[in-house]
Number of protein chains: 2
Amino acid sequence: MTINQNTFTGEFLYSLDAKGRVNIPAKFRNVLTADNEQSFVITRGMDLCVWVYPAKVWQSIEDELRKLSSLSRINRSFVRSTVRYASLVQYDKQGRIAVTPNLIEYAQLGKESLIVGMVNKIEIWNPKLLDTVDKESQNIDAAQFDELADQIIL
Amino acid sequence: MTINQNTFTGEFLYSLDAKGRVNIPAKFRNVLTADNEQSFVITRGMDLCVWVYPAKVWQSIEDELRKLSSLSRINRSFVRSTVRYASLVQYDKQGRIAVTPNLIEYAQLGKESLIVGMVNKIEIWNPKLLDTVDKESQNIDAAQFDELADQIIL
DNA sequence: ATACATTGTGGGTAGTTGTGGGTAATAATC
DNA sequence: GATTATTACCCACAACTACCCACAATGTAT
C-alpha cells in the first residue's frame, strides 16, 4: 500500500549497463498508478541530465503545448525544443528502461548513474555533473533558496 | 486517549541495530492520527541529523513543490535538494523504521541514537553531535533567542 | 504480589530487487 | 535477399529487504 501516488523521491546509485539500460527503482515503480503503466517519456533535462516522465504526466505537458499558437516565433522554438529529444519507452520485466545513445551522450552518463526523484519526474545524472551543478547553485542561488524555504515550512 | 494529535515531544535514547532500524517511541506512535498510518518520510535535517515526518505532513511540502515550474533553474535546484534525500518508509510490526545508509552516514549515527520530538516532526541524532550543536548555538544565538522569547510567551 | 500487557531489541527466513548475459525477433544496411 | 546491427525477451544469481517470531525488560491492572 502506498500513500503518495506518482511522487518520486530519493536518490539511487544504479548502473547503466552495456546495453544502455538503467533500472527504475522499485520504490518508483510502486508509486505509479495503473494508468501510468510502464510507459515513460525520456528526454533532455534542462540541466545536463535525462528527464524521465511517466507517460500520463507527459501527456499533460503535450496538452499545454497544443495551446501554443505557431504564429509566435517563441512558441515554435519552445515547442520544438521540448519535444525534439523526447521519446516513448517502456520498462522490461526486470523494471529497466533503455536510454537512447544521444541522451547518454548529452548527459555524459557512464556506468555509475544516479537516479533522482523530482516529485513528478525522474532525473538520471552523471554523479560528478550533479555535484558541480549543486555547488554552483549553492553559491549563486543562496538568497532565493532562503526565500523559497520561507514560503515552504519544512 | 491522546490530547495532542501529531505533536512529538521528549527525547529517547534508542539503539540503531545492525540492520539500520530504529524504534519509533510508543509515545510518538500513539499520537499519530489514523490517516498518518504508519508511513513516514525520512530525510536529511538542516542540522546534522535525520528528519522524520509523518507522511501526511510531508504531503503538504510536496504539494508546494509541485507548484514550482521546472523552467526556472532555481526551482529545479530547490526541488532537487529538498527531495533528493527523502524516502517514504513504513514501520514494521515492532514499530521500527529502517534508516537508509545514506542518512546514517550523513547524521553519523551509531548504535546509540537519540530520538527527539520536534512538535510536527521527529529528529534522530548522534548524541555527541547534538551536544556540540547545542553548545555552539548557546554562544552564537543568545540574542536572537531573546527576540523569539518575546514573541512566544513561555 | 502476581498475572498480564506493552515496549524495545535481536535475529532467521522467504520474497523482492538489482545486475549481467544469452538467445530470439525485429529492424536496418548493403 | 542476405548480412549485420539493434532491440526485446528470457533466465540466472547475488544482495538486500520486509516480514515473522522470540524474548527480556518494563509498566499496569487485579
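Side chains included, hydrogens not; waters and symmetry mates left out as well; all remaining heavy atoms used. Labels below follow one simple rule: chain letters A, B, ... track the order of the sequence lines, proteins then strands, and each chain is numbered from 1.
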- Has B:Lys111 got a side-chain N or O lying under 4.0 Å from the OP1 or OP2 atom of C:dG10? yes
- Are A:Asn30 and C:dT16 close enough that a side-chain N or O sits under 4.0 Å from OP1 or OP2? no
- Item | Backbone of B:Val133 reached by a side-chain donor or acceptor of B:Ser137 within 3.5 Å |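 Answer holds: no.
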- Among residues 113-131 of chain A, which residues get a heavy atom nearer than 4.0 Å to DNA chain C?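 Contacting residues: none.
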Near [X] [atom1], under 6.0 Å, is it more than 12 heavy atoms from other residues, nucleotides or ligands?
X: A:Glu62; atom1: CD; result: yes
X: B:Gln94; atom1: CD; result: yes
X: B:Gln144; atom1: CD; result: yes
X: B:Leu148; atom1: CG; result: yes

- Task: Answer yes if the ring centres of A:Tyr85 and A:Tyr106 are under 6.0 angstrom apart, and no otherwise.
- Result: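 So the answer is no for these two rings.
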- Would you please name every residue forming a side chain to side chain contact (heavy atoms under 4.5 Å, CB included) with B:Ser87, sequence neighbours left out? A:Lys27, B:Ile42, B:Val89, B:Thr100
Candidates [options] - which lies nearest the side chain of [X]:
X: B:Tyr14; options: C:dG8, C:dT19, C:dG10; value: C:dG8
X: B:Arg29; options: C:dG20, C:dT17, C:dG8; value: C:dG8
X: B:Ser15; options: C:dT19, C:dG20, C:dG10; value: C:dG10

- Between protein and nucleotides 6-20 of chain D, map the contacts as a letter string: B base, S sugar-phosphate only, - none, heavy atoms under 4.0 Å, written 5' to 3'. --BBBB------BBB
- Have B:Arg66 and A:Thr7 got a donor and an acceptor in their side chains that come within less than 3.5 Å? yes
